[in-house]
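Here the structure is laid out as structure tokens; the discussion comes afterwards.
All chains are named by letter (A, B, ...) in the order of the sequence lines, taking the proteins before the strands, and each is independently numbered beginning at 1. What you are looking at is a predicted structure, and each value in this text was computed from that prediction instead of being measured.
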Number of protein chains: 2
Amino acid sequence: MNKEAIAENLRAHTLKVTPQRLKIVESLNTYGHLNIDMLYREVKESHPNVSLATVYKNLAIMTQNGLLEEVKISGHKSVFEVKKAPHIHLHCSRCGKIEDIEIDLSYVKAEAEKRSGYIVSGSEAVMVGVCPECRHNR
Amino acid sequence: MNKEAIAENLRAHTLKVTPQRLKIVESLNTYGHLNIDMLYREVKESHPNVSLATVYKNLAIMTQNGLLEEVKISGHKSVFEVKKAPHIHLHCSRCGKIEDIEIDLSYVKAEAEKRSGYIVSGSEAVMVGVCPECRHNR
DNA sequence: TATTTAAGGATAAAGTTTATCGTTTACTGG
DNA sequence: CCAGTAAACGATAAACTTTATCCTTAAATA
């Protein structure tokens with residue numbers, strides 16, 4: 001995804017296009033899931049005097065505006081990702097990596113609604129385990 | 001669940017039985033899901049000079065030892081619960097309440113393993129929506 | 001290109017969690 | 001039941017994280 005497409009995406013979420021924001025989204029496109037410290041380091045590479053507060057402020061507003069999503073991982077700092085089609089997360093407890101996998105949860109949602117009376121508007125699921133690489137390299 | 005049963009549960013997890021720990025688990029049995037501030041307030045009622053550090057230390061060790069579980073809720077502080085049979089969480093975005101519901105995720109787990117090569121050992125799922133009470137009282 | 005408004009940077013303040021350390025308490029074995 | 005030991009407690013400092021403030025800079029609009 002190129003810079004102009006990212007800029008489009010920012011504008012689509014009523015956010016001004018700034019170099020710092022471009023870099024944040026670019027980094028997330030490249031690495032998938034990054035926490036705030038990683039993102040701060042990333043942005044500093046191209047903008048050495050970026051303020052940590054800027055990263056905080058941007059993650060907050062980009063998440064509020066629906067461009068990013070925060071993923072809470074048990075025992076770790078939250079990571080952020082660019083919002084895309086609904087999916088669940090795989091978290092490797094050995095190497096810490098996080099992957100997306102598109103598994104349909106509509107059955108779970110329907111079942112939850114039926115049995116609880118809730119109207120469910122969203123869901124978040126994380127499966128924890130060991131990835132193939134970590135299983136083999138030991 | 002009475003005090004002796006809670007004490008049993010603590011011992012079963014190689015934890016000494018202290019009044020502060022009893023109160024924490026008792027509160028969680030009563031209310032289901034509480035964050036650290038709520039638990040601190042709870043324990044203070046029966047042990048007015050409990051230290052906040054004690055609550056932190058106990059939640060950490062009880063979680064490590066598998067007696068409690070931490071539930072990360074988007075936009076809120078983590079809540080804790082007494083570990084029980086696998087279940088997923090319902091979170092009402094209006095009133096903030098959290099409920100358990102036992103829905104089988106083994107299909108999701110199997111599918112995730114098949115498609116990713118991971119060996120999945122655990123999962124955490126939260127469905128966000130509006131509970132029946134909040135839907136009606138407005 | 002000037003104007004307006006939002007965003008950035010620096011840093012202070014607030015809030016949260018962990019570490020330290022001396023004292024107290026729960027457990028064990030006699 | 002009591003003494004000894006190790007763990008837990010309380011108080012508090014330190015570390016760490018997040019948010020707020022305020023002045024400067026930059027992006028969008030016409």
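Ionic pairing of A:Lys97 and A:Glu133 is present here: one or more N-O contacts between side-chain nitrogen and carboxylate oxygen are shorter than 4.0 angstrom. Looking at A:Arg41 and A:Glu45, no side-chain N of the basic residue comes within less than 4.0 Å of a carboxylate O on the acidic one, giving no salt bridge.
Sorted by first and then second residue, the ring-ring contact (aromatic ring centres under 6.0 Å, His included) pairs with a member in residues 18-38 of chain A read A:His33-A:His89; sequence neighbours excluded.
No path of Ile, Leu, Val, Met, Phe, Trp and Tyr side chains, each step under 4.5 Å between heavy atoms, connects B:Val79 with B:Leu59, placing them in separate hydrophobic clusters.
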Practice problem: Evaluate side-chain contact (heavy atoms from CB on, under 4.5 Å) for A:Ile88 paired with A:Val126, printing each intermediate quantity in order. | Solution: CA-CA 6 Å; A:Ile88 71 173; A:Val126 182; over 6 Å; no
Quiz prompt | Criterion side-chain contact (heavy atoms from CB on, under 4.5 Å) on A:Leu15 and A:Arg21, from CA distance to verdict | solution = CA-CA 9 Å; A:Leu15 293 162; A:Arg21 286 176 181 173; 3.9 Å; yes
Quiz item: What's the verdict on side-chain contact (heavy atoms from CB on, under 4.5 Å) for A:Lys109 and A:Ser123, showing C-alpha distance, side-chain angles and the deciding distance?
Solution: CA-CA 8 Å; A:Lys109 173 176 181 271; A:Ser123 67; over 6 Å; no
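At distances below 3.5 Å, not a single donor-acceptor pair connects side-chain atoms of A:Thr14 with backbone N or O atoms of A:Asn65. A donor-acceptor distance shorter than 3.5 angstrom exists from the side chain of A:Ser93 to the backbone of A:Gly129, with no hydrogens or angles considered.
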Output a table of donor-acceptor pairs, distance under 3.5 Å, between side-chain atoms of residues 48-55 of chain A and any protein atom two or more places apart or on a different chain; print 'none' if there are none.
{"residue": "A:Ser51", "atom": "OG", "partner": "A:Ala53", "partner atom": "N", "Å": "3.1"}

Under 3.5 Å, which donor-acceptor pairs link side chains of residues 1-13 of chain A to any protein atom two or more places apart or in another chain?
{"residue": "A:Asn2", "atom": "OD1", "partner": "A:Glu4", "partner atom": "N", "Å": "3.0"}
{"residue": "A:Asn2", "atom": "OD1", "partner": "A:Ala5", "partner atom": "N", "Å": "2.8"}
{"residue": "A:Lys3", "atom": "NZ", "partner": "A:Glu26", "partner atom": "OE2", "Å": "3.3"}
{"residue": "A:Glu4", "atom": "OE2", "partner": "A:Arg11", "partner atom": "NH2", "Å": "2.7"}
{"residue": "A:Glu8", "atom": "OE2", "partner": "A:Arg11", "partner atom": "NH2", "Å": "3.3"}
{"residue": "A:Asn9", "atom": "OD1", "partner": "A:His13", "partner atom": "ND1", "Å": "3.3"}
{"residue": "A:His13", "atom": "ND1", "partner": "A:Asn9", "partner atom": "O", "Å": "2.8"}
{"residue": "A:His13", "atom": "NE2", "partner": "A:Gly66", "partner atom": "O", "Å": "3.4"}

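Annotation: the terminal axes of the helix from C:dT1-D:dA30 to C:dG30-D:dC1 meet at 60°, where each axis is the rotation carrying the C1' atoms of four end pairs onto the next four (5 pairs per end, rounded to 10°).
DNA chain C is contacted by A:Asn49, A:Val50, A:Ser51, A:Ala53, A:Thr54 of residues 33-55 of chain A, taking any non-hydrogen atom closer than 4.0 Å. Within residues 16-23 of chain B, the residues that place at least one heavy atom under 4.0 Å from DNA chain C are, in residue-number order, B:Lys16, B:Val17, B:Pro19.
Once you apply a 4.0 Å limit to the heavy atoms of chain B, the touched nucleotides of DNA chain C run 5' to 3' over C:dT16 to C:dC27. For DNA chain D, the span of nucleotides reached by chain A at under 4.0 Å from its heavy atoms goes, 5' to 3', from D:dT17 to D:dA28.
For A:Glu70, the side chain to side chain donor-acceptor pair (under 3.5 Å) test picks out A:Ser78, with sequence neighbours left out. With sequence neighbours excluded, no residue satisfies side chain to side chain donor-acceptor pair (under 3.5 Å) with A:Lys57. By the ring-ring contact (aromatic ring centres under 6.0 Å, His included) test, B:His47 is found to be paired with no residue, residues two or more places apart in sequence or in another chain being considered. With sequence neighbours excluded, the residues that form a side chain to side chain contact (heavy atoms under 4.5 Å, CB included) with B:Pro132 are A:Tyr118, B:Arg135, B:His136.
A:Lys57 comes within 4.0 angstrom of a base, heavy atoms only.
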